[in-house]
There are 2 protein chains.
Amino acid sequence: MGDVARAAGVSAATVSRALRGEPGVSASTRAHVTEVARRMRYAIARDASSLAGGRRYAVAVLTTDVGQRTWGDVLAGAEGALRASGYDVLLYVVGDEAARAGFFEELPLSRRVDGVLVLSVRLREHEAALLRELPVPVVTVGEGAADDSPDLPGSLDLAVRHLVGLGHRDIALVLADSTAAWSSSAEDLDETYQELLGSAGLASRPEWLVWCSPTVVGGEEAVAALFDGQDRPTALIASSGEAALGAFMRLRRDGWAVPEQLSIVSLDGHDIARAVGLTAVEGAAREQGERAVHRLLARIQTQDAAAPELPTPAGAALVERGSTAPPPAV
Amino acid sequence: MGDVARAAGVSAATVSRALRGEPGVSASTRAHVTEVARRMRYAIARDASSLAGGRRYAVAVLTTDVGQRTWGDVLAGAEGALRASGYDVLLYVVGDEAARAGFFEELPLSRRVDGVLVLSVRLREHEAALLRELPVPVVTVGEGAADDSPDLPGSLDLAVRHLVGLGHRDIALVLADSTAAWSSSAEDLDETYQELLGSAGLASRPEWLVWCSPTVVGGEEAVAALFDGQDRPTALIASSGEAALGAFMRLRRDGWAVPEQLSIVSLDGHDIARAVGLTAVEGAAREQGERAVHRLLARIQTQDAAAPELPTPAGAALVERGSTAPPPAV
DNA sequence: TTGAAAGCGCTAACAT
DNA sequence: ATGTTAGCGCTTTCAA
């Protein structure tokens, strides 16, 4: 930085101010400094900047699952938004218990990031508590998040409306969780589900809310459980594309006609749903990531003021394919 | 750190040494200091440490695709290995052209990381050149990487052997690329494919090497092209699970019998392959990520010495399911 | 609008 | 084996 300052004929302080867009530098000086810096291929050293300035320009993204389409897209959206705002993304994958335990024990974020984004992790009580104690804002996205879950309900709502519009009254929900173990907050989602059905004038049945892993196998197992009983739903909503595919395939294998006997909606609109022909709610994942980042950044900039409530997902829509139809006549 | 030093009755330098496992501290002192630090919930400030020490304890991971199973697993493996070695993971997603161009223009890594891991990105000439100019080691994993591609050939080999063992002689290869545009280095893989077939005593046909996107749709399109012509292979190897699924479904839809008329092997052994019943090579992805990290760390620690050659993938194996059989009698 | 000086919290020589 | 002394490369008062 000294070199740039000398080359530009100003002081280091001015270079710093100019390059960061701080006020108090004349337009001409700023232009000149910027140009010199560019020519010399100079970039501010983050470490030193953070050390001196106290801001780290980095956020931690905590996730259980890279490699799953929806969360991958959320992550991609978040990464893009963060990058665009000049923040680095520190990725923490806590997929297995060992890594997870290690993470929460060390909680290595304290002095490394300005904020934390939690994706697809169903936090347990004590984990949520640990995170809350951090001196930086934490924003959570996803199923069963204690903090909020602004988007799953939105998509769910779209799906329920669609099915109800077709005449369904017996709607099951397969919720894919990104982690095998979860806290008691699962009850919260139970409520969400019931409320949604209730507001549509339908009765909900606890046994029709099934949790599974966000995998093809998870979907298979879920419907196996669901269709084992006497009372069978006429429609099924799955929160993960993989689970939806599993459900779809399992049902077909077992001789069920889709959509004649059973309708399926995936809340995850991706390749798989498209290829297999599943009706799906599409387009929310990236936006979800982006919006979460905006919430987080807002809190970072206002020094952790309460997160402003933002509207529910833009751009999500239900795409009708072959897997939904009116319920069979009784 | 000063506080800890005072509380422990030693100097800051000793605390620093003790906490980092540096030699030159008596065992008892180290234990004491460690304990005091734990009690005080003290953790070294990375910024200051980096600034003073010159090491950043962070590596950049560059990828086009989070959300695809295989690369997601490679990423997870890499993240775990990095974390275990005390390195932070800076994630850069360059999925779309805009982000990609931006990244290579800024090349924001210069003074932020100790090394770069490139996953699933088919680098173009000038991009590879830019990366090579960085003052830190760069390790590349994946298809068509200029640097190396130690694992795809291994899996491919397993698949080819299996098919040859079944009597196949006409084997097509569907290679999924994680980016739509790629450099001329695609020719390299052409060669790998030909060599593999050649070493098995088979003739290769250039038109049976098909590139596609790593998606279900990509797989569908690839086989559509492949089965359009007169000369049709009796077996197909797909490098991505999604593409394999697409190929499988498309072929079935078009009335082909799998595996009677055509065998399919996926080089990507995941949920999908398992659920659909595709023969697949399994278990290499995480290890690939881990091994890449070890190569990278070795180069970081030896100050960029040439990467030691490591053996080909451990743990990869072909799992036979329903999608392969001897070729139809002529 | 700009510059000078004083750290930010560590690590690394160099002592001891 | 441990302590002392300089910085690392910035940002930020404070003064001009």
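Order of the sequence lines fixes the chain letters, A, B, ..., with proteins taken first and strands second; residue numbering starts at 1 for each chain.
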Starting at [atom1] of [X] and ending at [atom2] of [N], how long is that distance when rounded to a whole Å?
X     : N      : atom1 : atom2 : answer
A:L51 : D:dC8  : CG    : P     : 13 Å
A:Y42 : D:dC10 : OH    : P     : 3 Å
A:H32 : C:dT1  : NE2   : C1'   : 16 Å
A:R55 : D:dC10 : CZ    : P     : 16 Å
A:Y57 : D:dT11 : OH    : C1'   : 11 Å
A:D47 : D:dC8  : CG    : P     : 14 Å
A:L19 : D:dC10 : CG    : P     : 10 Å
B:M1  : C:dG9  : CE    : P     : 12 Å

Below 4.0 angstrom from OP1 or OP2 of [N], is there any side-chain N or O of [X]?
X      : N     : answer
B:T29  : D:dT2 : yes
A:T14  : C:dG3 : yes
B:R111 : D:dG9 : no
A:S26  : C:dT2 : yes
A:S11  : C:dA4 : no
B:R56  : D:dG9 : no
A:R46  : D:dG9 : no
A:R17  : C:dT2 : no

Give the nucleotide from the list C:dT2, C:dT11, C:dG3 with an atom nearest to the side chain of A:A13.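 Closest nucleotide to the A:A13 side chain: C:dG3.
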Of the listed nucleotides D:dT12, C:dG9, D:dA1, the one nearest the side chain of A:R20: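 Comparing D:dT12, C:dG9, D:dA1 against the side chain of A:R20, the answer is D:dT12.
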Quick check against the 3.5 Å criterion: does [X] have a side-chain atom that pairs as donor or acceptor with the backbone of [Y]?
X      : Y      : answer
B:R55  : B:D114 : no
A:R56  : A:G54  : yes
B:R286 : B:D73  : no
A:T64  : A:V94  : no

For [X], which contact category applies under a 4.0 Å heavy-atom criterion: base, sugar-phosphate, or nothing?
X     : value
B:R30 : nothing
B:G24 : base
A:A45 : sugar-phosphate
B:S50 : nothing

Note: A:R112-B:D47 ion pair, threshold 4.0 Å (strictly below):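 Salt bridge: no.
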What residue pairs, at least two apart or across chains, pass side chain to side chain donor-acceptor pair (under 3.5 Å) with a residue in residues 7-25 of chain A?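 Sorted pair list: A:S11-A:T14, A:S16-A:R20.
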DNA chain D: 5'-proximal contact among B:V25 and A:G53 (nearest heavy atom):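 Comparing both residues, the 5'-ward one is B:V25.
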